[in-house]
Amino acid sequence: MGFLQLLVVAVLASEHRVAGAAEVFGNSSEDPVPGGCNLEFDLDIDPNIYLEYNFFETTIKFAPANLGYARGVDPPPCDAGTDQDSRWRLQYDVYQYFLPENDLTEEMLLKHLQRMVSVPQVKASALKVVTLTANDKTSVSFSSLPGQGVIYNVIVWDPFLNTSAAYIPAHTYACSFEAGEGSCASLGRVSSKVFFTLFALLGFFICFFGHRFWKTELFFIGFIIMGFFFYILITRLTPIKYDVNLILTAVTGSVGGMFLVAVWWRFGILSICMLCVGLVLGFLISSVTFFTPLGNLKIFHDDGVFWVTFSCIAILIPVVFMGCLRILNILTCGVIGSYSVVLAIDSYWSTSLSYITLNVLKRALNKDFHRAFTNVPFQTNDFIILAVWGMLAVSGITLQIRRERGRPFFPPHPYKLWKQERERRVTNILDPSYHIPPLRERLYGRLTQIKGLFQKEQPAGERTPLLL
(Lines give C-alpha, C1' and ligand atoms only; values in the text may rest on other atoms or scores of the structure.)
Protein backbone atom coordinates (compact mmCIF):
# COMPACT_ATOMS: atom_id res chain seq x y z
CA MET A 1 0.00 0.00 0.00
CA GLY A 2 1.27 3.44 -0.89
CA PHE A 3 -0.76 5.29 1.76
CA LEU A 4 -3.86 5.00 3.86
CA GLN A 5 -6.77 7.36 3.45
CA LEU A 6 -9.13 7.99 6.35
CA LEU A 7 -12.63 9.12 5.62
CA VAL A 8 -14.54 10.74 8.46
CA VAL A 9 -18.03 12.10 7.97
CA ALA A 10 -19.84 13.92 10.77
CA VAL A 11 -23.36 15.27 10.66
CA LEU A 12 -24.48 17.78 13.27
CA ALA A 13 -27.97 16.70 14.17
CA SER A 14 -28.57 19.00 17.14
CA GLU A 15 -26.71 21.06 19.71
CA HIS A 16 -25.99 18.01 21.86
CA ARG A 17 -25.74 15.09 19.45
CA VAL A 18 -23.38 14.33 16.59
CA ALA A 19 -23.80 11.42 14.23
CA GLY A 20 -20.72 10.23 12.38
CA ALA A 21 -19.15 7.52 10.29
CA ALA A 22 -15.56 6.62 9.48
CA GLU A 23 -13.96 4.38 6.90
CA VAL A 24 -10.31 3.56 6.20
CA PHE A 25 -9.12 2.24 2.86
CA GLY A 26 -5.73 1.90 1.21
CA ASN A 27 -4.33 2.92 -2.16
CA SER A 28 -1.48 1.36 -4.10
CA SER A 29 1.70 3.17 -5.00
CA GLU A 30 0.43 3.63 -8.56
CA ASP A 31 -2.80 5.33 -7.56
CA PRO A 32 -2.86 9.12 -7.73
CA VAL A 33 -2.73 10.96 -4.41
CA PRO A 34 -5.85 13.21 -4.01
CA GLY A 35 -4.81 16.65 -2.81
CA GLY A 36 -1.13 15.73 -3.05
CA CYS A 37 -0.24 19.06 -4.66
CA ASN A 38 -2.13 21.29 -2.30
CA LEU A 39 -1.01 24.92 -2.38
CA GLU A 40 -4.23 26.61 -1.23
CA PHE A 41 -5.63 24.86 1.85
CA ASP A 42 -4.17 24.11 5.30
CA LEU A 43 -3.05 20.49 5.04
CA ASP A 44 0.07 19.36 3.19
CA ILE A 45 -1.92 16.58 1.53
CA ASP A 46 -5.58 17.59 1.49
CA PRO A 47 -8.06 15.18 -0.12
CA ASN A 48 -11.05 17.16 1.16
CA ILE A 49 -13.63 18.83 -1.05
CA TYR A 50 -14.50 22.35 0.12
CA LEU A 51 -18.04 23.55 -0.52
CA GLU A 52 -19.80 26.90 -0.35
CA TYR A 53 -23.27 27.88 -1.51
CA ASN A 54 -25.75 30.72 -1.87
CA PHE A 55 -29.29 30.91 -3.26
CA PHE A 56 -28.08 30.71 -6.85
CA GLU A 57 -25.15 28.30 -6.98
CA THR A 58 -23.13 25.75 -5.03
CA THR A 59 -19.38 25.70 -5.67
CA ILE A 60 -16.96 22.91 -4.78
CA LYS A 61 -13.17 23.34 -4.67
CA PHE A 62 -10.41 20.80 -4.19
CA ALA A 63 -6.63 20.68 -4.25
CA PRO A 64 -4.84 19.18 -7.28
CA ALA A 65 -3.63 15.60 -6.99
CA ASN A 66 -0.14 14.22 -7.41
CA LEU A 67 1.18 11.09 -9.03
CA GLY A 68 1.30 7.97 -6.90
CA TYR A 69 4.51 6.97 -5.12
CA ALA A 70 5.70 4.24 -2.78
CA ARG A 71 5.93 4.67 0.98
CA GLY A 72 9.25 6.11 2.14
CA VAL A 73 9.96 7.69 -1.26
CA ASP A 74 9.92 11.40 -1.87
CA PRO A 75 6.77 12.48 -3.74
CA PRO A 76 7.12 13.64 -7.33
CA PRO A 77 7.52 17.42 -7.64
CA CYS A 78 4.26 19.19 -8.38
CA ASP A 79 5.51 21.96 -10.66
CA ALA A 80 8.73 20.58 -12.14
CA GLY A 81 7.23 20.31 -15.62
CA THR A 82 4.06 19.87 -17.65
CA ASP A 83 4.96 16.76 -19.63
CA GLN A 84 3.36 13.31 -19.42
CA ASP A 85 5.68 12.28 -16.58
CA SER A 86 4.22 14.90 -14.22
CA ARG A 87 0.90 15.45 -12.46
CA TRP A 88 -0.33 17.42 -15.45
CA ARG A 89 -1.44 14.20 -17.11
CA LEU A 90 -4.05 13.59 -14.40
CA GLN A 91 -7.76 14.06 -15.06
CA TYR A 92 -10.56 14.78 -12.58
CA ASP A 93 -14.07 13.36 -12.93
CA VAL A 94 -16.64 15.30 -10.88
CA TYR A 95 -19.65 13.31 -9.67
CA GLN A 96 -23.00 14.38 -8.25
CA TYR A 97 -25.37 12.22 -6.21
CA PHE A 98 -28.90 13.21 -5.13
CA LEU A 99 -30.40 12.08 -1.85
CA PRO A 100 -34.11 11.15 -1.72
CA GLU A 101 -36.25 14.27 -2.00
CA ASN A 102 -37.95 15.78 1.06
CA ASP A 103 -35.85 13.69 3.48
CA LEU A 104 -33.44 15.69 5.65
CA THR A 105 -32.61 13.05 8.28
CA GLU A 106 -28.98 12.29 9.17
CA GLU A 107 -29.68 8.55 8.96
CA MET A 108 -30.53 8.88 5.29
CA LEU A 109 -27.45 11.00 4.69
CA LEU A 110 -25.05 8.53 6.36
CA LYS A 111 -26.63 5.64 4.49
CA HIS A 112 -26.05 7.24 1.11
CA LEU A 113 -22.63 8.67 1.93
CA GLN A 114 -21.34 5.12 2.02
CA ARG A 115 -22.09 4.91 -1.70
CA MET A 116 -19.79 7.85 -2.44
CA VAL A 117 -16.57 6.65 -0.78
CA SER A 118 -14.63 4.31 -3.06
CA VAL A 119 -14.07 4.63 -6.79
CA PRO A 120 -16.27 1.67 -7.86
CA GLN A 121 -19.14 2.85 -5.64
CA VAL A 122 -18.98 6.40 -6.94
CA LYS A 123 -18.96 5.31 -10.58
CA ALA A 124 -21.86 2.93 -10.00
CA SER A 125 -24.07 5.28 -7.98
CA ALA A 126 -23.44 8.88 -9.00
CA LEU A 127 -23.80 10.99 -12.13
CA LYS A 128 -20.59 12.17 -13.79
CA VAL A 129 -21.04 15.86 -14.50
CA VAL A 130 -17.76 17.01 -16.02
CA THR A 131 -14.15 15.95 -16.58
CA LEU A 132 -11.40 18.45 -15.77
CA THR A 133 -7.81 18.38 -16.93
CA ALA A 134 -4.83 19.66 -14.99
CA ASN A 135 -5.06 22.90 -16.98
CA ASP A 136 -8.55 23.64 -15.65
CA LYS A 137 -9.37 25.27 -12.34
CA THR A 138 -10.15 22.75 -9.63
CA SER A 139 -13.51 24.39 -8.99
CA VAL A 140 -16.96 23.47 -10.28
CA SER A 141 -20.31 25.25 -9.78
CA PHE A 142 -23.78 23.74 -9.65
CA SER A 143 -27.25 25.17 -9.38
CA SER A 144 -28.28 25.34 -5.71
CA LEU A 145 -31.28 23.19 -4.76
CA PRO A 146 -32.48 24.40 -1.31
CA GLY A 147 -33.83 21.53 0.75
CA GLN A 148 -32.44 18.87 -1.59
CA GLY A 149 -29.54 16.79 -0.28
CA VAL A 150 -26.64 16.48 -2.72
CA ILE A 151 -23.31 14.64 -2.32
CA TYR A 152 -20.30 15.60 -4.44
CA ASN A 153 -17.11 13.68 -5.05
CA VAL A 154 -14.13 13.79 -7.37
CA ILE A 155 -12.21 10.86 -8.85
CA VAL A 156 -8.70 11.59 -10.04
CA TRP A 157 -7.57 9.33 -12.89
CA ASP A 158 -4.10 8.60 -14.21
CA PRO A 159 -4.60 7.76 -17.92
CA PHE A 160 -1.00 6.53 -18.28
CA LEU A 161 -1.28 3.84 -15.56
CA ASN A 162 -5.09 3.57 -15.71
CA THR A 163 -5.38 4.00 -11.95
CA SER A 164 -7.67 6.24 -9.95
CA ALA A 165 -8.51 7.41 -6.43
CA ALA A 166 -11.41 9.22 -4.80
CA TYR A 167 -11.44 12.39 -2.76
CA ILE A 168 -13.44 12.73 0.48
CA PRO A 169 -17.07 13.47 -0.45
CA ALA A 170 -18.86 16.67 0.53
CA HIS A 171 -22.57 17.21 0.92
CA THR A 172 -25.03 20.09 1.22
CA TYR A 173 -28.74 20.89 1.43
CA ALA A 174 -28.16 24.50 0.29
CA CYS A 175 -29.97 25.73 3.40
CA SER A 176 -29.31 26.10 7.11
CA PHE A 177 -30.62 23.75 9.79
CA GLU A 178 -30.62 26.59 12.32
CA ALA A 179 -34.00 28.13 13.05
CA GLY A 180 -34.75 31.34 11.23
CA GLU A 181 -35.63 32.76 7.87
CA GLY A 182 -34.32 30.66 5.00
CA SER A 183 -33.77 27.56 7.13
CA CYS A 184 -34.41 24.10 5.73
CA ALA A 185 -37.54 23.79 7.87
CA SER A 186 -39.09 27.02 6.54
CA LEU A 187 -38.40 26.87 2.81
CA GLY A 188 -42.06 27.24 1.87
CA ARG A 189 -42.79 30.92 2.61
CA VAL A 190 -46.38 31.90 3.33
CA SER A 191 -46.17 34.68 0.74
CA SER A 192 -45.05 32.20 -1.93
CA LYS A 193 -47.87 29.82 -1.06
CA VAL A 194 -50.49 32.56 -1.28
CA PHE A 195 -49.09 34.00 -4.51
CA PHE A 196 -48.72 30.72 -6.37
CA THR A 197 -52.01 29.30 -5.07
CA LEU A 198 -53.94 32.27 -6.46
CA PHE A 199 -51.87 32.12 -9.63
CA ALA A 200 -52.66 28.41 -10.00
CA LEU A 201 -56.41 28.95 -9.52
CA LEU A 202 -56.39 31.42 -12.39
CA GLY A 203 -54.14 29.12 -14.42
CA PHE A 204 -56.44 26.15 -13.83
CA PHE A 205 -59.38 28.18 -15.14
CA ILE A 206 -57.34 29.24 -18.18
CA CYS A 207 -56.31 25.62 -18.83
CA PHE A 208 -59.93 24.59 -19.47
CA PHE A 209 -61.76 27.82 -20.38
CA GLY A 210 -59.09 30.28 -21.52
CA HIS A 211 -60.05 30.45 -25.20
CA ARG A 212 -63.72 31.02 -24.43
CA PHE A 213 -62.93 33.75 -21.88
CA TRP A 214 -60.51 35.60 -24.11
CA LYS A 215 -60.10 38.73 -21.98
CA THR A 216 -59.37 36.68 -18.88
CA GLU A 217 -56.66 34.84 -20.78
CA LEU A 218 -55.15 38.12 -21.97
CA PHE A 219 -55.04 39.30 -18.36
CA PHE A 220 -53.24 36.05 -17.43
CA ILE A 221 -50.69 36.45 -20.23
CA GLY A 222 -50.09 40.12 -19.48
CA PHE A 223 -49.66 39.29 -15.80
CA ILE A 224 -46.95 36.73 -16.61
CA ILE A 225 -45.00 38.97 -18.98
CA MET A 226 -45.07 42.13 -16.88
CA GLY A 227 -44.58 40.29 -13.58
CA PHE A 228 -41.58 38.33 -14.86
CA PHE A 229 -39.68 41.34 -16.18
CA PHE A 230 -40.58 43.52 -13.20
CA TYR A 231 -39.35 40.88 -10.74
CA ILE A 232 -35.99 40.69 -12.54
CA LEU A 233 -35.68 44.47 -12.67
CA ILE A 234 -36.56 45.18 -9.04
CA THR A 235 -34.46 42.28 -7.72
CA ARG A 236 -31.35 43.40 -9.57
CA LEU A 237 -31.72 47.10 -8.78
CA THR A 238 -33.03 47.13 -5.20
CA PRO A 239 -32.26 45.21 -1.99
CA ILE A 240 -35.89 44.94 -0.85
CA LYS A 241 -37.08 41.78 0.90
CA TYR A 242 -38.59 38.86 -0.93
CA ASP A 243 -42.11 39.29 0.49
CA VAL A 244 -42.30 42.95 -0.51
CA ASN A 245 -40.87 42.10 -3.91
CA LEU A 246 -43.54 39.46 -4.43
CA ILE A 247 -46.35 41.89 -3.52
CA LEU A 248 -45.01 44.53 -5.90
CA THR A 249 -44.66 41.88 -8.61
CA ALA A 250 -48.30 40.86 -8.13
CA VAL A 251 -49.47 44.48 -8.37
CA THR A 252 -47.35 45.24 -11.42
CA GLY A 253 -48.36 41.98 -13.10
CA SER A 254 -52.03 42.88 -12.58
CA VAL A 255 -51.41 46.27 -14.19
CA GLY A 256 -49.73 44.52 -17.12
CA GLY A 257 -52.68 42.16 -17.49
CA MET A 258 -55.20 44.99 -17.48
CA PHE A 259 -53.08 46.92 -19.98
CA LEU A 260 -53.08 44.01 -22.44
CA VAL A 261 -56.87 43.66 -22.05
CA ALA A 262 -57.27 47.41 -22.64
CA VAL A 263 -55.12 47.23 -25.79
CA TRP A 264 -57.34 44.47 -27.16
CA TRP A 265 -60.55 46.29 -26.19
CA ARG A 266 -59.54 49.58 -27.81
CA PHE A 267 -57.55 48.53 -30.87
CA GLY A 268 -58.56 44.90 -31.42
CA ILE A 269 -55.21 43.99 -33.02
CA LEU A 270 -55.19 40.21 -32.86
CA SER A 271 -51.61 39.82 -34.10
CA ILE A 272 -50.13 41.76 -31.15
CA CYS A 273 -52.12 39.79 -28.60
CA MET A 274 -51.25 36.47 -30.19
CA LEU A 275 -47.58 37.45 -30.34
CA CYS A 276 -47.65 37.85 -26.56
CA VAL A 277 -49.48 34.55 -26.18
CA GLY A 278 -47.03 32.73 -28.47
CA LEU A 279 -43.97 34.21 -26.74
CA VAL A 280 -45.15 32.95 -23.34
CA LEU A 281 -45.54 29.43 -24.76
CA GLY A 282 -42.20 29.78 -26.55
CA PHE A 283 -40.55 30.85 -23.31
CA LEU A 284 -41.72 27.69 -21.55
CA ILE A 285 -40.72 25.43 -24.45
CA SER A 286 -37.29 27.06 -24.59
CA SER A 287 -36.94 26.64 -20.82
CA VAL A 288 -37.82 22.94 -21.13
CA THR A 289 -35.18 22.58 -23.86
CA PHE A 290 -32.43 23.93 -21.62
CA PHE A 291 -33.77 21.96 -18.67
CA THR A 292 -32.57 18.82 -20.47
CA PRO A 293 -28.87 17.78 -20.58
CA LEU A 294 -28.59 20.06 -23.61
CA GLY A 295 -28.44 23.02 -21.21
CA ASN A 296 -25.19 21.71 -19.66
CA LEU A 297 -23.24 21.75 -22.91
CA LYS A 298 -20.12 23.86 -22.63
CA ILE A 299 -21.17 26.15 -25.48
CA PHE A 300 -24.23 27.31 -23.52
CA HIS A 301 -22.10 28.39 -20.55
CA ASP A 302 -21.52 31.51 -22.62
CA ASP A 303 -24.28 34.01 -21.84
CA GLY A 304 -24.37 35.42 -25.36
CA VAL A 305 -24.86 32.04 -27.00
CA PHE A 306 -27.39 30.99 -24.39
CA TRP A 307 -29.67 34.03 -24.62
CA VAL A 308 -29.56 34.19 -28.42
CA THR A 309 -30.48 30.51 -28.70
CA PHE A 310 -33.11 30.83 -25.99
CA SER A 311 -34.71 33.82 -27.71
CA CYS A 312 -34.69 32.15 -31.12
CA ILE A 313 -36.55 29.10 -29.76
CA ALA A 314 -39.08 31.34 -28.00
CA ILE A 315 -39.71 33.43 -31.14
CA LEU A 316 -39.93 30.34 -33.34
CA ILE A 317 -43.15 29.15 -31.65
CA PRO A 318 -45.44 32.06 -32.69
CA VAL A 319 -43.83 32.05 -36.14
CA VAL A 320 -44.58 28.35 -36.68
CA PHE A 321 -48.22 28.74 -35.58
CA MET A 322 -48.85 31.99 -37.45
CA GLY A 323 -51.29 30.25 -39.78
CA CYS A 324 -53.33 28.58 -37.04
CA LEU A 325 -53.71 31.12 -34.26
CA ARG A 326 -56.61 29.38 -32.54
CA ILE A 327 -54.57 26.19 -32.11
CA LEU A 328 -51.67 28.27 -30.75
CA ASN A 329 -53.98 29.96 -28.26
CA ILE A 330 -55.53 26.71 -27.05
CA LEU A 331 -52.11 25.06 -26.70
CA THR A 332 -50.89 28.01 -24.65
CA CYS A 333 -53.94 27.85 -22.40
CA GLY A 334 -53.47 24.13 -21.75
CA VAL A 335 -49.70 24.06 -21.28
CA ILE A 336 -49.15 27.35 -19.42
CA GLY A 337 -52.29 27.04 -17.32
CA SER A 338 -51.40 23.52 -16.17
CA TYR A 339 -47.79 24.49 -15.43
CA SER A 340 -49.04 27.15 -13.02
CA VAL A 341 -50.54 24.27 -11.02
CA VAL A 342 -47.08 22.63 -10.93
CA LEU A 343 -45.58 25.83 -9.49
CA ALA A 344 -48.26 25.90 -6.80
CA ILE A 345 -47.55 22.27 -5.88
CA ASP A 346 -43.85 23.14 -5.55
CA SER A 347 -44.63 25.76 -2.89
CA TYR A 348 -46.12 22.99 -0.70
CA TRP A 349 -44.26 19.88 -1.85
CA SER A 350 -40.86 20.34 -3.47
CA THR A 351 -40.52 19.19 -7.07
CA SER A 352 -37.71 19.49 -9.59
CA LEU A 353 -40.13 20.60 -12.34
CA SER A 354 -40.18 24.12 -10.90
CA TYR A 355 -36.54 24.50 -11.95
CA ILE A 356 -37.65 24.51 -15.60
CA THR A 357 -38.32 28.22 -15.27
CA LEU A 358 -36.41 28.91 -12.05
CA ASN A 359 -33.07 28.14 -13.73
CA VAL A 360 -33.82 30.77 -16.40
CA LEU A 361 -34.81 33.26 -13.71
CA LYS A 362 -31.59 32.57 -11.79
CA ARG A 363 -29.53 33.14 -14.92
CA ALA A 364 -31.26 36.46 -15.52
CA LEU A 365 -30.67 37.57 -11.92
CA ASN A 366 -27.11 36.36 -11.29
CA LYS A 367 -24.17 37.14 -13.57
CA ASP A 368 -22.17 34.12 -12.39
CA PHE A 369 -24.90 31.52 -12.87
CA HIS A 370 -23.74 30.83 -16.44
CA ARG A 371 -20.93 28.62 -15.10
CA ALA A 372 -23.26 26.42 -13.04
CA PHE A 373 -24.39 22.93 -14.06
CA THR A 374 -28.16 22.71 -13.71
CA ASN A 375 -28.73 19.01 -13.00
CA VAL A 376 -31.73 18.20 -10.79
CA PRO A 377 -33.03 14.93 -9.34
CA PHE A 378 -35.96 13.24 -11.04
CA GLN A 379 -37.54 10.89 -8.54
CA THR A 380 -40.94 9.37 -7.77
CA ASN A 381 -42.78 12.54 -6.77
CA ASP A 382 -41.45 14.29 -9.89
CA PHE A 383 -42.88 11.57 -12.12
CA ILE A 384 -46.22 11.89 -10.33
CA ILE A 385 -46.34 15.66 -10.77
CA LEU A 386 -45.18 15.34 -14.39
CA ALA A 387 -48.11 12.98 -14.99
CA VAL A 388 -50.49 15.49 -13.38
CA TRP A 389 -49.09 18.28 -15.56
CA GLY A 390 -49.48 16.19 -18.71
CA MET A 391 -52.99 15.06 -17.78
CA LEU A 392 -54.17 18.62 -17.11
CA ALA A 393 -52.59 19.95 -20.30
CA VAL A 394 -54.03 17.22 -22.54
CA SER A 395 -57.46 17.42 -20.90
CA GLY A 396 -57.62 21.21 -21.20
CA ILE A 397 -56.47 21.25 -24.81
CA THR A 398 -58.83 18.44 -25.85
CA LEU A 399 -61.82 19.99 -24.10
CA GLN A 400 -61.29 23.42 -25.65
CA ILE A 401 -60.73 22.07 -29.16
CA ARG A 402 -63.94 20.03 -29.02
CA ARG A 403 -65.96 22.88 -27.50
CA GLU A 404 -64.79 25.50 -30.01
CA ARG A 405 -65.75 23.53 -33.13
CA GLY A 406 -68.03 25.55 -35.35
CA ARG A 407 -67.50 28.74 -33.39
CA PRO A 408 -65.72 31.91 -34.55
CA PHE A 409 -61.96 31.66 -34.10
CA PHE A 410 -61.79 34.76 -31.89
CA PRO A 411 -64.32 37.23 -30.47
CA PRO A 412 -65.02 40.43 -32.44
CA HIS A 413 -63.39 43.78 -31.71
CA PRO A 414 -65.00 45.01 -28.44
CA TYR A 415 -64.64 48.71 -29.25
CA LYS A 416 -66.36 48.35 -32.61
CA LEU A 417 -69.22 46.46 -30.99
CA TRP A 418 -69.55 49.20 -28.39
CA LYS A 419 -69.66 51.93 -31.07
CA GLN A 420 -72.22 50.03 -33.11
CA GLU A 421 -74.39 49.53 -30.06
CA ARG A 422 -74.17 53.20 -29.16
CA GLU A 423 -75.11 54.30 -32.67
CA ARG A 424 -78.02 51.89 -32.67
CA ARG A 425 -79.35 53.33 -29.43
CA VAL A 426 -79.06 56.88 -30.79
CA THR A 427 -80.98 56.19 -34.02
CA ASN A 428 -83.59 53.75 -32.71
CA ILE A 429 -86.15 55.68 -30.62
CA LEU A 430 -88.12 52.50 -30.00
CA ASP A 431 -85.17 51.05 -28.04
CA PRO A 432 -85.84 51.64 -24.31
CA SER A 433 -82.18 52.49 -23.87
CA TYR A 434 -82.73 55.45 -26.22
CA HIS A 435 -84.55 57.31 -23.44
CA ILE A 436 -81.78 56.75 -20.90
CA PRO A 437 -79.92 60.03 -20.20
CA PRO A 438 -76.25 60.25 -21.12
CA LEU A 439 -73.72 58.92 -18.64
CA ARG A 440 -72.59 62.42 -17.60
CA GLU A 441 -76.12 63.49 -16.72
CA ARG A 442 -76.76 60.26 -14.84
CA LEU A 443 -73.60 60.73 -12.77
CA TYR A 444 -74.52 64.35 -12.03
CA GLY A 445 -78.01 63.35 -10.96
CA ARG A 446 -76.71 60.61 -8.71
CA LEU A 447 -74.22 63.05 -7.15
CA THR A 448 -77.04 65.51 -6.49
CA GLN A 449 -79.02 62.79 -4.74
CA ILE A 450 -76.04 61.94 -2.53
CA LYS A 451 -75.54 65.61 -1.61
CA GLY A 452 -79.21 65.86 -0.72
CA LEU A 453 -78.77 63.23 1.96
CA PHE A 454 -76.46 65.56 3.90
CA GLN A 455 -78.59 68.72 3.60
CA LYS A 456 -80.75 69.81 6.53
CA GLU A 457 -84.47 69.35 5.93
CA GLN A 458 -86.38 72.68 5.70
CA PRO A 459 -89.40 73.15 8.06
CA ALA A 460 -92.84 73.15 6.47
CA GLY A 461 -95.22 76.15 6.61
CA GLU A 462 -95.10 79.88 5.93
CA ARG A 463 -91.90 81.84 6.50
CA THR A 464 -93.39 85.38 6.14
CA PRO A 465 -96.66 86.85 7.49
CA LEU A 466 -99.56 87.04 5.10
CA LEU A 467 -100.13 90.42 3.53
CA LEU A 468 -103.68 91.58 4.18
Side-chain angles (χ1 to χ4, degrees), residues 2-3 5 27-53 57-69 74-97 116-143 150-172 293-306 368-375:
F3 66 95
Q5 186 170 349
N27 292 343
S28 70
S29 60
E30 295 182 348
D31 293 338
V33 182
C37 286
N38 174 41
L39 299 176
E40 181 178 357
F41 306 109
D42 296 333
L43 303 177
D44 293 334
I45 298 178
D46 194 348
N48 296 290
I49 295 176
Y50 294 87
L51 183 147
E52 56 186 18
Y53 69 87
E57 60 180 349
T58 298
T59 303
I60 63 170
K61 299 179 180 180
F62 55 94
N66 199 356
L67 298 177
Y69 55 93
D74 292 336
C78 291
D79 296 317
T82 58
D83 54 16
Q84 291 299 312
D85 293 329
S86 66
R87 70 170 182 91
W88 294 91
R89 74 189 189 204
L90 299 178
Q91 297 180 10
Y92 304 87
D93 295 331
V94 181
Y95 285 83
Q96 186 179 33
Y97 181 86
M116 293 292 290
V117 176
S118 64
V119 173
Q121 290 175 317
V122 172
K123 290 183 177 180
S125 305
L127 170 68
K128 184 168 76 169
V129 178
V130 65
T131 298
L132 305 177
T133 65
N135 295 318
D136 298 319
K137 290 184 178 180
T138 53
S139 175
V140 183
S141 295
F142 303 85
S143 174
V150 187
I151 303 174
Y152 301 97
N153 206 344
V154 178
I155 293 179
V156 54
W157 176 54
D158 187 340
F160 185 77
L161 300 176
N162 194 26
T163 56
S164 56
Y167 281 70
I168 297 177
H171 75 281
T172 183
L294 180 68
N296 285 327
L297 295 179
K298 188 175 181 179
I299 187 175
F300 294 122
H301 284 214
D302 181 271
D303 273 337
V305 176
F306 173 84
D368 296 324
F369 192 76
H370 65 90
R371 63 190 181 187
F373 291 92
T374 55
N375 300 317

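Just so you know, residue 1 is the first one in the sequence shown, and it goes up from there.
- Taking the side chain as every heavy atom from C-beta outward, Val119 and Val122 never approach each other to under 4.5 Å.
- The aromatic ring centres of Tyr152 and Phe142 sit less than 6.0 Å apart.
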Working for side chain to side chain contact (heavy atoms under 4.5 Å, CB included), residues Val154 and Asp93: CA-CA 6 Å; Val154 178; Asp93 295 331; over 6 Å; no

Test log, rule side chain to side chain contact (heavy atoms under 4.5 Å, CB included), inputs Val150 and Gln96: CA-CA 7 Å; Val150 187; Gln96 186 179 33; 3.6 Å; yes

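- Side-chain atoms of Asn38 come within 3.5 Å of backbone N or O of Leu43 as a donor-acceptor pair.
- A donor-acceptor contact under 3.5 angstrom links the side chains of Thr59 and Ser141, judged on distance only.
- Side-chain atoms of Leu132 and Val130, non-hydrogen and from C-beta on, do get closer than 4.5 Å to each other.
- The CZ atom of Phe373 sits 13.5 Å away from the OG1 atom of Thr58 when rounded to the nearest 0.5 Å.
- We find the OH-OG1 distance between Tyr92 and Thr138 to be 7.5 Å, quoted to the nearest 0.5 Å.
- The distance between the ring centers of Phe62 and Tyr167 falls below 6.0 angstrom.
- To the nearest 0.5 Å, atom CG of residue Leu51 and atom CD1 of residue Ile151 are 11.5 Å apart.
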Side chain to side chain contact (heavy atoms under 4.5 Å, CB included) evaluation trace for His171 with Ile49: CA-CA 9 Å; His171 75 281; Ile49 295 176; over 6 Å; no

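- Closest non-hydrogen pair, Arg87 versus Ala65, comes out as CD-O, 3.5 Å.
- Residues Gly36 and Cys78 share a closest heavy-atom pair of O-SG, 4.0 Å.
- Side-chain atoms of Asn162 never come within 3.5 Å of backbone atoms of Pro159 as a donor-acceptor pair (strictly under, hydrogens ignored).
- The structure places NZ of Lys123 at 13.0 Å from CE of Met116, a figure rounded to the nearest 0.5 Å.
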Side chain to side chain contact (heavy atoms under 4.5 Å, CB included) between Phe369 and Thr374, intermediate numbers included: CA-CA 9 Å; Phe369 192 76; Thr374 55; 4.0 Å; yes

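- Annotation: the span from Lys298 atom NZ to Arg371 atom CZ amounts to 15.0 Å, rounded to 0.5 Å.
- Between the side chain of Asp158 and the backbone N or O of Leu67, no donor-acceptor pair lies under 3.5 Å.
- Pairing each heavy atom of Pro34 with each of Val156, the nearest pair is CG-CG1, 4.2 Å.
- If you take OH on Tyr95 and CG on Asn153, they are separated by 9.5 Å, rounding to the nearest 0.5 Å.
- At least one donor-acceptor pair under 3.5 Å links the side chain of His370 to the backbone N or O of His301.
- More than 12 heavy atoms of other shown residues, nucleotides or ligands fall within 6.0 angstrom of atom OH in Tyr50.
- In terms of heavy atoms, Ser125 sits closest to Tyr97 at O-CD1, 3.5 Å.
- Shortest non-hydrogen contact noted between Asn48 and Asp46 is ND2-OD1, 2.6 Å.
- Counting only distance, with no hydrogens or angles, the side chain of Thr163 and the backbone of Glu30 share a donor-acceptor pair below 3.5 Å.
- For the pair Asn66 (side chain) and Pro76 (backbone), a donor-acceptor distance under 3.5 Å is present.
- Ser143 places none of its side-chain heavy atoms less than 4.5 Å from the side chain of Glu57.
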